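Numbered from 1 within each chain, the chains take letters A, B, ... in sequence-line order. Computation of the quantities below employed the complete heavy-atom set of this structure, encompassing side-chain atoms and omitting hydrogens, waters and symmetry-equivalent molecules. From a predicted model like this one, the values you see are computed outputs, not experimental measurements.
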Amino acid sequence: MLDPKCLRGDLLATAANLARRGFVLDVAYVEKIEERRKQLQIEADRLRAQRNAGAKAVGNAKSKGEDVAPLLAQAQEWGAQLAQAEGALEALQNELTQLQMGVPNLLHESVPDGRDEHSNLEVRRWGAPRQFEFEPKDHVAVGEPLGMDFESAGKISGARFVVMGGALARLHRALIQFMLDTHTRDHGYKEMYVPYLVTEQTLTGTGQLPKFKQDLFSIEGEHPLYLIPTAEVPVTNLVRDQILAPESLPLKFTAHTPCFRSEAGAHGKDTRGMIRQHQFEKVELVHIVRPDSSYAALEELTAHAEAILKALQLPYRVLALCAGDVGFGSAKTYDLEVWLPSQRKYREISSCSNCESFQARRMQARWRNPATGKPELVHTLNGSGVAIGRALVAILENYQQADGGVSVPEVLLPYMGGVTRLTAG
RNA sequence: GGAAGCGUGGCCGAGCGGUUGAAGGCACUAGUCUUGAAAACUAGCAACGGGGCGACUCGUUCGUGAGUUCGAAUCUCACCGCUUCCA
C-alpha cells in the first residue's frame, strides 16, 4: 500500500511513476473521491464533536439535578445526524481502501524502463556453462531413471506435482539442509519454523490479497485459511503490528517451507517436469531493516542467494527487473537465473525484492526512530535463497554424465550419507 | 466435548456507564546533584486520522465486530486468542 499522501499532494508524480509499470492511475477519479472524502470527514468530525458536547451536557445537568429532557431531545437529534454522516463516510472510505489496495508499489529510480521480461537488464554473470561431449538431456530425462516419478504424482494429485524416491529424494532434502545451514552459519540469519496455512489478514499484509486471490489455494472451514505461496508471507508477518526497538534491527530470518501456487494463468507454460509445480520447496530470506539501509540490504540479500549458486557451482546471471516486470509490492527486484543446458537458457531460480514500506504499511510494522522518537515504518525485503525444486533441476542438468548418472555437488556430500553419485536402479 | 476466568499504552497493571486518553509502576528522554557514572529527586513521555503556513485544533483507538444508550474501556451478543478446571 502506498502512503496515502501519494494519492493527494503530488498525484501526477505518483501517476507517472506507476505508468512506468504500465499501471494506469485514474487521476481524475482519485481527485474526485479524495475531495469528497475530505468533505465528509470534516463534516463527520464536526457532528461527532457536537454529539460529544451534547452528551457531556446531559451528564453535567444530571449531576446538578437539573431537568435533562430538552437536552436529551437535542442530543438524540445530533446523534441521528452523526449516524447518517458516518454511514456516508464509511461507504466512501471503503471505496478508497479498495482503490489503494489495488495500486502497486512505486518503483525505485534505478529500475530500468521496459514493458516485459525482454527489457530486464543483465547486471552480472558468474560461471561458464559447461561444455558437454554429449547431447545434454533435460532434467526429466535425467531424473526419471533416478526416481523422479510424474506418473505416480499424477495418479495421486494430478498435473504439476512430483514424486521422488531414494537418493534423488535425499538430494532434494540435502539442498534444503545445505541452504539453511549456510544462511544461518555464514550469513547471520535466524532460522524460523512457521505455519503453512495463514489467514486472509496475513496475506493482505504482504500484498497477495486482495488482488491475487486466483493464485492461491484456500481451504474450507469455519474460518478460511490459505496455503502459503511463499515463506515470505508468514515470516514477514512476524513483525506485523509491532514497534521494534532500533537496536533489534536489522532482523534477518530464513525459513524452509513448501510453497503452494495455483498457477492459474500459466496454462501450457512449463508443463513438462519440475520447473513449475503446484507444490515446491523453498528456502526464503527475509530482512526487516531501517529505511535508510534497505538498498544496501537488497545487495546483501542478493549476494547471499548468489553464494548458494556459487557453492553449488551452478552458472547463473543476475538481472535487474525492468519497470514492467517488477512485482506488485516491490520497488526494485533482482532475479537470479541459473543455466539450464537442455534449454540453452538461464531460468529464474531466485527473486530478491526490496518492498520498502509497502508491506510495512499494510502490516503496521514499525520501529522507533531514535532521531525523532516516533514510530516509523520499517522496510521489508525478501528473496529466495534459493528455490529447491529448481536447484535440483539445475543440478540434474549441469551435473549429468554420459552414462546417465549424476554426480553430487561437493558441498552436498556431507548431507548424502555416503552417496556421491546418483545412478539408475 | 463441558465449565470458569482473562485480553487496557513500548512493557506490567488499576479502572467496570458520565469532564478517563485512561491511576500506579517499569522502560525511555531531559534537568538537579556528582570529577564522571550510579542512586535519589524534578519534569516530560501513546498511536493513528483529519484541518491549518503555523502556534494549534478536531476526531478515533482499552482483542475484533455488531448492539443497547444522549453518552461505553465499563452493559449485551458473536467471533478470535490466552489461562485454568472437568470429561
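Checking side-chain atoms of A:Asp215 against main-chain N and O of A:Ser262 turns up no donor-acceptor pair under 3.5 Å. Checked by atom type and distance alone, the side chain of A:Arg390 pairs as donor or acceptor with a backbone atom of A:Glu348 at under 3.5 Å. Although no hydrogens or angles enter the test, the distance criterion places a donor-acceptor pair under 3.5 Å between the side chain of A:Arg170 and the main chain of A:Tyr415. Side-chain N or O atoms of A:Asn105 include one that pairs as donor or acceptor with a backbone N or O of A:Gly329 at under 3.5 Å. Checked by atom type and distance alone, the side chain of A:His278 pairs as donor or acceptor with a backbone atom of A:Arg261 at under 3.5 Å. Side-chain atoms of A:Arg368 come within 3.5 Å of backbone N or O of A:Gly373 as a donor-acceptor pair. Judged by distance alone, with hydrogens and angles left aside, the side-chain atoms of A:Asn398 form a donor-acceptor pair with the main-chain N or O of A:Trp339 at under 3.5 Å. A donor-acceptor distance shorter than 3.5 angstrom exists from the side chain of A:Glu397 to the backbone of A:His139, with no hydrogens or angles considered.
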Pick out the pairs of N or O atoms, protein on one side and nucleotides 80-82 of chain B on the other, that lie under 3.5 Å.
residue	atom	partner	partner atom	Å
B:C80	OP1	A:His223	NE2	2.7

Could you list all N or O pairs between the protein and nucleotides 6-8 of chain B that sit under 3.5 Å apart?
none

Detail all sub-3.5 Å separations between protein N/O atoms and N/O atoms belonging to nucleotides 43-45 of chain B.
none

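The stretch residues 234-243 of chain A comes close to RNA chain B through A:Ile243, each having a heavy atom under 4.0 Å from the strand. Residues of residues 355-367 of chain A that place a heavy atom closer than 4.0 Å to RNA chain B, in numerical order, are A:Arg366. Near RNA chain B, defined here as any heavy-atom distance below 4.0 Å, the residues from residues 25-40 of chain A are A:Arg37, A:Lys38, listed numerically.
Nucleic acid contact class of A:Pro4 (heavy atoms, under 4.0 Å, all strands): none.
Atom CG in A:Leu89 sits roughly 15 Å away from atom P in B:G49 (whole-Å rounding). Distance, A:Arg368 CZ to B:A27 P: 16 Å, rounded to whole Å.
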Across nucleotides 56-74 of chain B, 5' to 3', mark each nucleotide with B, S or - according to how protein heavy atoms within less than 4.0 Å reach it. --BSS---------BS---
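When side chains are defined from C-beta on, A:Ile275 counts as touching A:Leu340, because their heavy atoms get closer than 4.5 Å.
Between the C1' atoms of B:G9 and B:G67, the separation comes to 27 Å (whole Å). For the C1' atoms, the distance from B:G18 to B:C12 is 29 Å, rounded to whole Å. Rounded to whole Å, the P atom of B:C62 lies 6 Å from the corresponding atom of B:A73. Here the separation of B:C56 from B:C77, taken at their P atoms, is 45 Å to the nearest Å. Rounded to whole Å, the P atom of B:U8 lies 14 Å from the corresponding atom of B:U83. Comparing B:C53 with B:U61, their C1' atoms sit 29 Å apart, to the nearest whole Å. For the C1' atoms, the distance from B:C41 to B:A47 is 30 Å, rounded to whole Å. Atom name C1', nucleotides B:G31 and B:U84: the rounded distance is 48 Å, in whole Å.
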Donor-acceptor contacts under 3.5 Å from residues 152-160 of chain A side chains, at least two apart:
residue	atom	partner	partner atom	Å
A:Ser152	OG	A:Asp149	OD1	3.4
A:Ser152	OG	A:Asp149	OD2	2.4
A:Arg160	NH1	A:Lys269	O	3.3
A:Arg160	NH1	A:Asp270	O	3.3
A:Arg160	NH1	A:Arg276	O	3.0
A:Arg160	NH2	A:Ala266	O	3.0
A:Arg160	NH2	A:Lys269	O	3.0

Let me have the donor-acceptor pairs involving side chains of residues 296-304 of chain A, under 3.5 Å, with sequence neighbours excluded, atom names and distances please.
residue	atom	partner	partner atom	Å
A:Glu299	OE2	A:Tyr334	OH	2.7
A:Glu300	OE2	A:Lys252	NZ	2.9
A:Thr302	OG1	A:Leu298	O	2.7
A:His304	ND1	A:Tyr189	OH	2.8
A:His304	ND1	A:Glu300	O	3.4

Distance-only donor-acceptor pairs under 3.5 Å for side chains of residues 83-91 of chain A, two or more places apart:
residue	atom	partner	partner atom	Å
A:Glu86	OE2	A:Arg48	NE	3.1
A:Glu86	OE2	A:Arg48	NH2	2.8

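Annotation: A:Arg36, atom CZ; neighbour count of heavy atoms from other residues, nucleotides and ligands within 6.0 Å does not exceed 12.
By the 4.0 Å N-to-carboxylate-O rule, A:Glu306 lies close enough to A:Arg124 to be salt-bridged with it. Comment: A:Glu35 does not engage A:Lys38 in a salt bridge, judged by the lack of any side-chain N to carboxylate O separation of less than 4.0 angstrom.
Pairing partner, B:A47: B:U60, with both Watson-Crick or wobble hydrogen-bond distances short of 3.5 Å. Applying the Watson-Crick and G-U wobble criteria (two distances, each under 3.5 Å), B:G18 pairs with B:C70. Across all strands shown, B:C85 forms a Watson-Crick or G-U wobble pair with B:G2, both key distances being under 3.5 Å. Remark: B:A40 base-pairs with B:U32; criterion is Watson-Crick or G-U wobble with both hydrogen-bond distances under 3.5 Å. When Watson-Crick and G-U wobble pairs are counted only if both distances are under 3.5 Å, B:A23 pairs with no nucleotide at all. Checking B:G9 for Watson-Crick or G-U wobble geometry (two distances, each under 3.5 Å) identifies no partner in any strand. Pair check for B:G65 finds B:C77; Watson-Crick or G-U wobble, both atom distances under 3.5 Å.
The ring pair (Phe, Tyr, Trp, His ring centres under 6.0 Å) search around A:His108 returns A:Tyr295, not counting sequence neighbours.
Within the structure, the salt bridge (Lys or Arg N to Asp or Glu O under 4.0 Å) test picks out no pair touching residues 189-205 of chain A (sequence neighbours left out).
One side chain, A:Ser294 or A:His379, offers a donor N or O that lies under 3.5 Å from an acceptor on the other. Using modelled atom types, one finds a donor on one side chain and an acceptor on the other under 3.5 Å when comparing A:Thr206 with A:Gln208.
Screening A:Leu171, A:Leu314, A:Val142 against A:Tyr399 for a side chain to side chain contact (heavy atoms under 4.5 Å, CB included) leaves a single residue, A:Leu314. Put simply, the residue from A:Ser351, A:Ser353, A:Ser384, A:Ser350 that forms a side chain to side chain donor-acceptor pair (under 3.5 Å) with A:Asp335 is A:Ser351.
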Intermediate values then yes/no, ring pair (Phe, Tyr, Trp, His ring centres under 6.0 Å), A:Phe328 and A:Phe358: CA-CA 10 Å; A:Phe328 182 70; A:Phe358 188 85; 5.5 Å; yes
